[in-house]
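Note on naming: letters A, B, ... go to the chains in the order of the sequence lines (proteins, then strands), and numbering restarts at 1 for each one.
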Amino acid sequence: MPELPEVETIRRDLAKTITGLRIESVFLRDARVVRMPPEEFVRRLEGQLILAVHRRGKALLLELDGLWFVIQLMMTGQVVYVAPGQKAAAVKETKAVFGLSKGATLLYNDQRLFGRLMVVSRLEESGYLKVIGPEPLEPGFTSEVLASQLRGRNVAIKTLLLDHKVVAGIGNIYASEILFRAGISPKRKAKRLKTREITRLHQAIKDVLREAVRMRGTSLRNYRDGRGMPGRYLRVVRVYGRDGQPCLECGEPVKRFVQAQRSTYFCSQCQK
DNA sequence: AGGTCGACCTGGCAGC
DNA sequence: TGCTGCCAGGTCGACC
């Protein structure tokens with residue numbers, strides 16, 4: 001999915017466009033994206049006022065009156081706002097269409113159908129939100145909190161960064177970028193990191209995610225923001241997708257290998 | 001309990 | 001114009 005920076009970008013876009021609008025109609029073109037009985041999903045949403053748009057980890061949370069519309073985009077989900085009078089550009093990947101008040105429309109597109117849409121009265125009803133770890137850009141996420149999450153964990157640090165129970169919102173692109181920024185090898189066992197390395201890692205998590213939010217996220221293929229536009233962070237990635245190309249710090253070729261069934265990119269000179 | 005791996009899906013692209 | 005295999009911003013459940 002879109003990772004934290006991409007979801008945060010969408011959240012900010014949607015907060016401006018759909019806050020205060022009412023969901024007047026719900027049309028499911030493929031009910032597989034709805035992770036509850038589809039009739040109940042539609043019944044709960046229709047007529048609801050959108051009070052606010054929040055984010056937790058990689059999940060978008062639309063606050064309704066006593067209910068939450070939880071959207072997990074996973075790998076290829078998109079939420080696209082279509083302004084009143086603008087032609088609703090539904091595409092083959094459009095799986096749900098939400099008719100909003102004042103003539104606006106919200107499209108949910110998802111090529112791979114991994115995304116999850118649900119409406120709950122309490123956020124813990126979502127298995128993801130029930131177990132999710134600390135929010136990395138919130139003040140409560142300190143170096144000590146990170147250290148406590150890593151303690152005793154006998155897994156490669158790259159794999160652990162992808163675990164949303166450890167830190168929320170980090171995905172496969174930013175895990176590689178963060179470790180490069182911190183100068184730490186993705187192969188290091190989490191429990192072996194020194195305190196000063198954890199401090200660097202903590203700073204790198206914040207720096208990389210903040211920079212990516214400023215650039216409105218990374219678009220490889222499917223990611224689009226709430227206005228249907230790609231993000232710009234791909235222009236400044238240091239290692240992700242750059243295998244064989246020279247490291248921007250030392251010139252050594254960037255390496256790719258597979259870790260926990262996901263690609264990892266790193267520089268063996270700069271990351272120890 | 002913590003760690004590993006397959007499953008869930010569709011589609012783009014490289015190589016033959 | 002195939003076909004095959006590999007790759008893709010994620011999460012969960014079954015297994016050891």
Side-chain angles (χ1 to χ4, degrees), chain A residues 1-11 29-36 55-60 70-79 91-95 108-118 125-133 136 148-179 187 189-192 208-209 211-213 215-226 229-237 239-244 256-265:
Chain A
M1 143 166 124
E3 308 180 32
L4 184 153
E6 291 75 31
V7 181
E8 177 60 21
T9 300
I10 296 170
R11 186 199 71 74
R29 293 174 67 182
D30 193 326
R32 283 180 289 177
V33 295
V34 173
R35 307 297 161 137
M36 61 190 293
R55 177 191 59 74
R56 181 77 170 91
K58 301 173 190 168
L60 272 176
V70 180
I71 302 174
Q72 287 180 266
L73 303 167
M74 304 294 264
M75 300 286 262
T76 54
Q78 306 172 338
V79 178
V91 289
K92 183 175 51 171
E93 293 79 17
T94 302
K95 307 303 178 190
Y108 179 72
N109 302 340
D110 197 343
Q111 178 197 110
R112 293 176 73 180
L113 290 167
F114 286 173
R116 301 140 182 259
L117 310 183
M118 59 194 300
E125 291 172 46
S126 150
Y128 174 79
L129 296 173
K130 185 175 182 166
V131 300
I132 194 161
S148 71
Q149 296 288 70
L150 305 193
R151 196 162 296 133
R153 297 300 301 268
N154 192 34
V155 202
I157 184 62
K158 157 67 161 36
T159 304
L160 206 65
L161 287 179
L162 291 180
D163 184 343
H164 54 258
K165 297 190 277 312
V166 172
V167 193
I170 298 173
N172 206 40
I173 296 179
Y174 299 114
S176 283
E177 293 298 314
I178 286 164
L179 287 167
K187 301 178 183 181
K189 288 287 177 82
K191 65 180 183 184
R192 299 278 177 233
V208 167
L209 294 178
E211 182 184 29
V213 169
M215 304 286 281
R216 300 182 57 82
T218 306
S219 291
L220 286 185
R221 339 174 150 208
N222 295 279
Y223 166 67
R224 292 295 179 272
D225 63 25
M229 300 293 289
R232 295 179 279 112
Y233 194 79
L234 194 60
R235 297 180 197 170
V236 301
V237 292
V239 287
Y240 187 87
R242 295 192 66 248
D243 52 316
R256 170 189 181 271
F257 71 106
V258 176
Q259 219 175 1
Q261 308 171 85
R262 315 291 304 275
S263 289
T264 299
Y265 300 87

What contact category does Thr159(A) fall into here, base, sugar-phosphate, or nothing, at under 4.0 angstrom with non-hydrogen atoms? nothing
Just call it for Ile173(A): base, sugar-phosphate, or nothing, with non-hydrogen atoms closer than 4.0 Å on any strand. sugar-phosphate
Classify Lys95(A) by what it touches in the nucleic acid, base, sugar-phosphate, or nothing, heavy-atom distance under 4.0 Å. nothing
Residue-phosphate contact under 4.0 Å: Thr76(A) side-chain N/O, dG9(C) OP1/OP2: no
Which stems, defined as runs of 3 or more consecutive Watson-Crick or G-U wobble pairs with both pairing distances under 3.5 Å, involve DNA chain B? B:2-8 with C:10-16, B:10-16 with C:2-8
Rounded off to whole Å, could you give me the CE-to-C1' distance for the Met75(A) and dC7(C) pair? 9 Å
Atom NE2 of His164(A) and atom C1' of dG9(C) are separated, to the nearest Å, by 15 Å
OP1 or OP2 of dG9(C) less than 4.0 angstrom from a side-chain nitrogen or oxygen of Arg262(A), does that happen here? yes
What contact category does Arg256(A) fall into here, base, sugar-phosphate, or nothing, at under 4.0 angstrom with non-hydrogen atoms? sugar-phosphate
Can I get a per-line list of side-chain donor-acceptor pairs under 3.5 Å for residues 157-164 of chain A, giving both atom names and the distance, sequence neighbours left out?
from	atom 1	to	atom 2	distance (Å)
Lys158(A)	NZ	Asn172(A)	OD1	2.8
Lys158(A)	NZ	Ser263(A)	O	3.4
Lys158(A)	NZ	Thr264(A)	OG1	3.0
Asp163(A)	OD1	Lys165(A)	N	2.9
Asp163(A)	OD1	Lys165(A)	NZ	3.4

Along DNA chain B, first and last positions that approach a heavy atom of chain A under 4.0 Å: dG3(B) to dG11(B)
Atom-to-atom span, CG of Asn222(A) to C1' of dA8(C) - whole angstrom: 8 Å
Using a 4.0 Å heavy-atom cut-off across all strands, classify Asn154(A) as base, sugar-phosphate, or nothing. sugar-phosphate
Can you find a side-chain donor-acceptor pair between Glu6(A) and Tyr174(A) that sits under 3.5 Å? yes
